[in-house]
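The next block holds one structure in the form of structure tokens; read it before the comments.
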There are 2 protein chains.
Amino acid sequence: MCIIQNMRMSQGVEWALHTCLNLTYVESGQAVPTAALAKFYALPPAYLNKHLQALVRAGILSSTPGPRGGFRLARRPEAISLLDVVTAIEGSGEAFPCDQILREGPGGRPDVDYRHACVIAGAMRHAELAWRRELAGRSLADIRAEVETRYPDTPRNTRERFAALLG
Amino acid sequence: MCIIQNMRMSQGVEWALHTCLNLTYVESGQAVPTAALAKFYALPPAYLNKHLQALVRAGILSSTPGPRGGFRLARRPEAISLLDVVTAIEGSGEAFPCDQILREGPGGRPDVDYRHACVIAGAMRHAELAWRRELAGRSLADIRAEVETRYPDTPRNTRERFAALLG
DNA sequence: CTAATCTGGATGTGTATTATCCAGAATATG
DNA sequence: CATATTCTGGATAATACACATCCAGATTAG
Ligand code: SF4
Ligand code: SF4
């Protein structure tokens, strides 16, 4: 019937967002290893680690090897936007794939970069910018504040689970 | 190195947008078969036809079988938004995949629908709405007007190519 | 020194996109 | 009516990529 249900970002974004949010509850100075972060939501440890590495490369987390090592936030939650996390996992590529088919059209020139010249590509890019702007305007601290307003038990629950996992 | 570059919509969106835009230049009453639409940009005819079928189901195009049959716009260009076309090809699913991992977290309940309860999912949905709003506010007629301002030759080029392909 | 932990590359697996083909239905034309 | 044209939609194949695992090597706490 219908052939497509595309345009989804990787599930790693969800993992990364939740993990970063949880890490805001860890007392600074303490690192959490991949194994504990994975157990938090019963995620596959080796694969979650790949995403954590991406977050480190993006400067959102910092990592420490060795015993009592692991990951911690590299910046204050106020300084980490949702866009930062999404971009770290998804990359910064545009959602609208332009194959420059205009080159095959009437008057098409192989030497022109239609990604900049094309009105359609411009409109799609404009819409995508609106999306990025929304995500850039919301920080982990904002999310945490809203969570605590709606679910006051969250801080205690999160800290208790971390305590149990770090035992 | 980096493991992911996701979050792309299908290339069919580009084909559909260009094809719909081109169809605004066909004198109403005349239909264009898949073969001609495919040759316009050297696209694979059988696969393009799948996307055209999706556009018909969405009420954007209408189709006529038989000789001198083919596709034409089902509504005026002013009444077709970019979002209409994107949704017809991509589906209306959300870009942020929520696996409800909170169910595995502390205090998680299997009977709660966290897609509505979760603050993160809400923030992502909010950003996506901004994207949709932008696309919904731009019609094929708007795009066409901008194209003609910047590239005055486009109407003639397009009509000539159609004439040659239908000849 | 030893155990714990991160890093990054190699590799496997499964799903979804991309693409083709064909039988059947509908229709314009003569 | 006969025929050629064209759309419809299911079946199927090829390909790309997200998802996932594993391991050797590097780093560090104790
Ligand atoms: S016209 Fe725009 S969307 Fe189409 S191929 Fe060119 S750049 Fe891409
Ligand atoms: S907390 Fe939100 S994003 Fe995370 S699993 Fe639940 S609904 Fe999805």
Side-chain angles (χ1 to χ4, degrees), chain A residues 1-16 19 29-39 42-58 60-72 74 89-91 93 95 97 99 101 165-167, chain B residues 1-16 19 29-39 41-58 61-72 74 89-91 93 95-97 99 101 165-166:
Chain A
M1 187 62 169
C2 198
I3 55 176
I4 271 171
Q5 177 58 39
N6 203 0
M7 180 68 186
R8 288 175 64 227
M9 61 183 88
S10 105
Q11 95 202 122
V13 172
E14 184 179 7
W15 300 0
T19 299
Q30 186 167 12
V32 186
T34 299
L37 293 171
K39 276 185 196 145
L43 304 175
Y47 193 35
L48 175 64
N49 177 258
K50 289 296 187 207
H51 294 303
L52 297 176
Q53 285 184 37
L55 292 170
V56 170
R57 280 187 222 107
I60 294 169
L61 301 183
S62 70
S63 62
T64 327
R68 303 195 59 82
F71 298 86
R72 75 197 75 189
I89 305 296
E90 285 294 317
D99 287 348
I101 60 176
L165 291 172
L166 293 171
Chain B
M1 187 63 168
C2 199
I3 56 176
I4 272 170
Q5 179 55 41
N6 202 359
M7 181 68 187
R8 287 174 64 225
M9 59 183 89
S10 106
Q11 96 202 120
V13 172
E14 184 180 5
W15 301 358
T19 298
Q30 186 167 13
V32 186
T34 298
L37 293 171
K39 277 185 196 145
Y41 292 119
L43 303 176
Y47 193 35
L48 175 63
N49 178 258
K50 290 295 188 209
H51 293 303
L52 297 175
Q53 286 183 36
L55 292 169
V56 169
R57 281 187 220 105
L61 300 183
S62 71
S63 62
T64 327
R68 304 193 58 82
F71 298 86
R72 74 196 75 187
I89 304 296
E90 285 293 317
F96 180 68
D99 286 348
I101 61 176
L165 291 172
L166 293 171

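Lettering of chains follows the sequences in order, A, B, ..., and the numbering in each one begins at 1.
- The side chain of Lys50(B) lies closest to dG10(D), out of dG10(D), dC19(D), dG8(C).
- The CZ-C1' distance, from Arg8(B) to dA16(C), rounds to 13 Å in whole Å.
- Atom NE2 in His51(A) sits roughly 15 Å away from atom P in dG8(C) (whole-Å rounding).
- Considering only side-chain atoms of Thr34(A), the nucleotide from dC6(C), dT7(C), dT8(D) that sits closest is dC6(C).
- Taking the side chain as every heavy atom from C-beta outward, Trp15(A) and Leu48(A) approach each other to under 4.5 Å.
- Picking from dT8(D), dC6(C), dC22(D) the nucleotide with the shortest atom distance to the side chain of Ser63(B) gives dT8(D).
- When each of dC22(D), dG8(C), dT8(D) is scored by its nearest atom to the side-chain atoms of Gln53(B), the top-ranked nucleotide is dT8(D).
- Gln11(B) places its CD atom 12 Å from the C1' atom of dA16(D), with the value rounded to the nearest Å.
- Minimum atom distance to the side chain of Tyr47(B) is reached by dA19(C), of the listed dC22(D), dA19(C), dT8(D).
- Along DNA chain C, the nucleotide closest to Val56(A) and the one closest to Trp15(B) are compared, and the more 5′ of them pairs with Val56(A).
- Remark: P of dA16(D) and CG of Asp99(A) are 14 Å apart, rounded to the nearest angstrom.
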Nucleotides 3-5 of chain D: which of its N/O atoms have a protein N/O under 3.5 Å away?
residue: dT5(D); atom: O2; partner: Pro67(B); partner atom: N; Å: 3.3

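- Between the CD atom of Glu90(B) and the P atom of dT18(C) there is a distance of 8 Å, rounded to whole Å.
- Closest to the side chain of Asn49(A), from the set dT20(C), dA20(D), dT7(C), is dT7(C).
- As a whole-Å value, the separation of Leu61(B) CG from dC7(D) C1' is 13 Å.
- Each of Thr64(A) and Leu52(B) was assigned the nucleotide of DNA chain D with the nearest heavy atom; the assignment lying further toward the 5' end belongs to Leu52(B).
- Comparing Ala46(A) and Gly70(B) along DNA chain D, the residue whose closest nucleotide (by nearest heavy atom) sits nearer the 5' end is Gly70(B).
- With sequence neighbours excluded, the residues satisfying side chain to side chain donor-acceptor pair (under 3.5 Å) with Thr34(B) are Asn49(B).
- Checked against side chain to side chain donor-acceptor pair (under 3.5 Å), Ser63(B) has no partners two or more places apart in sequence or in another chain.
- With contacts defined as side-chain heavy-atom distances shorter than 4.5 Å, the pair Gln30(A)/Leu166(A) qualifies.
- Summarising the geometry, atom CZ belonging to Arg8(B) is positioned 15.0 Å from atom CE belonging to Met9(A); distances are rounded to the nearest 0.5 Å.
- As a whole-Å value, the separation of Ile89(B) CD1 from dT18(C) C1' is 14 Å.
- The interatomic distance linking Leu48(A) (CG) with dC6(C) (C1') rounds to 13 Å, in whole Å.
- Note that the CZ atom of Phe71(A) and the CG atom of Leu52(A) stand 4.5 Å from one another [nearest 0.5 Å].
- Two residues are said to be in side-chain contact when any heavy atoms from C-beta on lie closer than 4.5 Å; Val13(A) and Glu90(A) meet this criterion.
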